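Following: one structure in structure tokens, then a few remarks.
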Amino acid sequence: MIAQEVSSKALCYHCGDECLEDKIVLEEKAFCCHGCKTVFEVLSENDLCDYYTFETNPGITQKKEKNSLFDFLENQEVSRQLLEFADDQQERVTFLIPNIHCSSCIWLLEHLSRLNPAIINSITNFSQRKLTVNYRVDDFSLRALAELLDRIGYTPVINMDQAKENKAKEKTFNKTLLVKLGIAGFCFGNVMLLSFPDYLGISALEQSYQQTFRWLNLLLSIPVVVYSGSEYFLSAFKSLKQRFANIDVPIALGVTVLFLRSVYEVALNIGPGYFDSLVGLIFFLLIGKWFQSRTYDALSFERDYKSYFPLAIQTRQDDDFVSTAVQNIKKGDEILIRNGELIPADAILIDDKVYIDYSFVTGESAAVEKAKGQYVFAGGKLSGKQARFIVQKPVSQSYLTSLWNNEAFKKEENHTKLVDQVSQYFTITIIAISIIAAIFWQFADPAKTWLVFCSVLIVACPCALALSTPFTTGSILRVLGRNKVYLKNADVVEKLQKINAIVFDKTGTITNASERDLIFEGEELTIAEKQLVLAAVSSSTHPLSRFVKQYLLGVESSDYVIESFMEYVGQGIMAVVSGVEVKLGSANFVGQDVKLKDHSASVVYLKIGSQLRGRFVVQNVYRSGLKSVIQRLKGKFKFAILSGDSDAERENLAKLFPEGTPMYFSQKPDDKLNAIKAMQSTGQFVMMVGDGLNDAGALKQSNVGLAVSEDISTFSPACDAIMHADSFNRLDAIINLAKRSKHVIYASFFLSLAYNVVGLTIAVMGMLTPLVAAILMPLSSISIVVLTTLFVKMISLKLKL
Amino acid sequence: MSVILVLIITSIVVAVVFLGAFFWAVKSGQYDDTFSPSVRMLFDDKASKVEGDKSSSVKKND
């Protein structure tokens, strides 16, 4: 089987998706993902594809050395945390598999039983990227299952966070809302039908049914008020306890008056009651709630370091390494980390030399080299050979993880919604009007006093007002979702409206995490020299050597022979190529006095023979569109840079950002958090744009934390919003959309208040009949829905979102 | 009893049955994931075709 990477664009042979960079080519067919390729292979094996013949069994070929990564699943303590069900015969487990992305994935994952007969069945949940598998335990295990999935390209993500989640039952919020909405819809339809005779008039012959219909209405509205509308009463009660009238207070008041007045009318047989308006009101409000609760199941906004840390790690016990749950690791333990595993605690390296990839933490994707005896911070991924470490601090006390002990992670944010602020004055005004009107009628026509009093409270029930925000923010959530920006909830839209300062992290946020630019400073290299260098670096696995190799891409290969090659940890490489000595490395290594200001690790000096030829400088590549985004946002917002790196890039950044932009370098995670806090204390409403775990504190502390990620389904720290890196050049439009939506909300507030004025006028005059109420209530609600949706649509078209 | 009452009661009973069906759909998780069932349904065809040769695949993968 020949599988190789090809760069030209093509459509996936199996699922038809466009093949991106990681395209796989098999027998001249292009595949977009391992799932597609494997499905294709499985189909071929079963003689479903006449076009192809196979000699080997493909499902097994690409596994090997990864095998050991899942051995911690044999640890009883770990597997107990993960399994949803287990008895002597079978077990059930649910894995999070971020790789699930297309329909072929679902097909393959649901036919796992063909790959191993011990698997009874498997069911995918696409929107949550989860796979539930039932399997027989006789000759199969959790570990074997994880390895099987890994082998076919669907590596399950197993971590501390997920284990906890499995124990706690899944959120039932959405289900409850759907049930409430279902009941309200059912009753609304029936009540409306049963109210028609009263509205349209009923012949004298059939008068006897009228009362029956009214009683049926009463019965039908009870579940709506008691069950569907219960949260409005609860919320109003809670709010009043804190001496604050949120929007639910006038709603609860209106619902109560509507219901009592209607029961009174029906019981005394004096009128039809307002059941239609009552049930319709709650139905519309619930629709608003549902529309706004658009959530992204596949994304998680609450992750902390536990989401990225493994469940168990190999620790030394006597002469053997056994897997131990991460939380049980103590200071002084000797741990063994293998290729691709995460270092869970601050530790000292006791093996020779390793490369550690801190892209989770800093956003920097180039691996860092560590030598024996060096202190290594938790959160890095080992790349290359396995290595042993001595733990210096328990997991929760490490350099990175101690960030989560900061109080910023404990306090709940208090955010007063715009609509609740309006509601304060609204409630008082309504109560005042109803009392004044009642007093007036007491003198004018005492018989009408109660009717007017109730009518005012009924008609003033702020249905339209309460719907303005959910429908505006709900539409915005959808527009942003189309632009690959995913907000945690609708409140974030209101917070976005208020921001006046934007803080950027550098590496991985405004720089492109996966691309690097390398420039050569010095006299241009000749082709022969280039070939010498290429030969020298091709034996090295150091990340910087790889950049040099990339830089030399396109240089014709030569027949130079590498006679000797030495790699000096932390210094550089020395190779003798066809009799010529080539040295690449730090200034000291090549025997150069450092006169120029050094760019620390990102500079490689080159010495050929005895001549110093110059140096390679690694430069960050800034995201395309960064400059124009900053230009467009300039003047409206204050900027700041918070970077964990050295200030080597200061000059480049100064060119991109307006003059006087504060830039802080070498910031620790805690420093970033405190810097945001300091900005907030000067009255700024801060948006933090970051990407790594070291930004987590700043993202949490800021008013709006926006995580930028190249791959939204697999990684992002806890935040308020996740943005796909592709959308970075639309950052200004996104902020503008949120800012302008404020006008939409104001406009709809105005319209709904206008409806209220009309309704109140009718009510005060004592002319509010159930029919008028039944027309006015849905009319105002629907016009608000239409208005807000259209306005948001218009703004997003204008902003080209 | 007048026919209209019979009709109304029948209609409400029928509506209650549908409401019950909706509850069942929500409870059984049909609204949890609205994407996979739509494609799962289409896969069945393919699956049945492969069924006959199932044994060969299993053998190879063991």
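Given the structure is predicted, the values throughout are model-derived calculations rather than measurements.
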Open item on the list: Less than 4.5 Å to any heavy atom of chain B: does that hold for the side chain of A/L216, its backbone, both, or neither?
Closed with: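 The side chain, not the backbone.
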Open item on the list: Would the distance check show the side chain of B/S2 and the main-chain N or O of B/I4 forming a donor-acceptor pair, the cut-off being under 3.5 Å?
Closed with: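 Side chain of B/S2 to backbone of B/I4: a pair is present.
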Task: A/Q211 side chain to A/V266 backbone, donor-acceptor under 3.5 Å - done: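 Side chain of A/Q211 to backbone of A/V266, a donor-acceptor pair under 3.5 Å: yes, one is there.
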Task: chain B interface, residue from A/N125, A/I123, A/L194 that has the most non-hydrogen pairs under 4.5 Å - done: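 Heavy-atom pair counts peak at A/N125.
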Open item on the list: Let's test your reading of the structure: which of B/G29, B/P37, B/A15 forms the most heavy-atom pairs below 4.5 Å with chain A?
Closed with: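 With the most close heavy-atom pairs to chain A, the winner is B/A15.
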Open item on the list: How close do A/L149 and A/I97 get, counting heavy atoms only, and between which atoms?
Closed with: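 Nearest heavy atoms, A/L149 then A/I97: CD1-CD1, 4.1 Å.
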Task: Approximate separation, where rounding is to 0.5 Å, of A/F213 CZ and A/N190 CG - done: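 So the gap between those two atoms works out to 12.0 Å.
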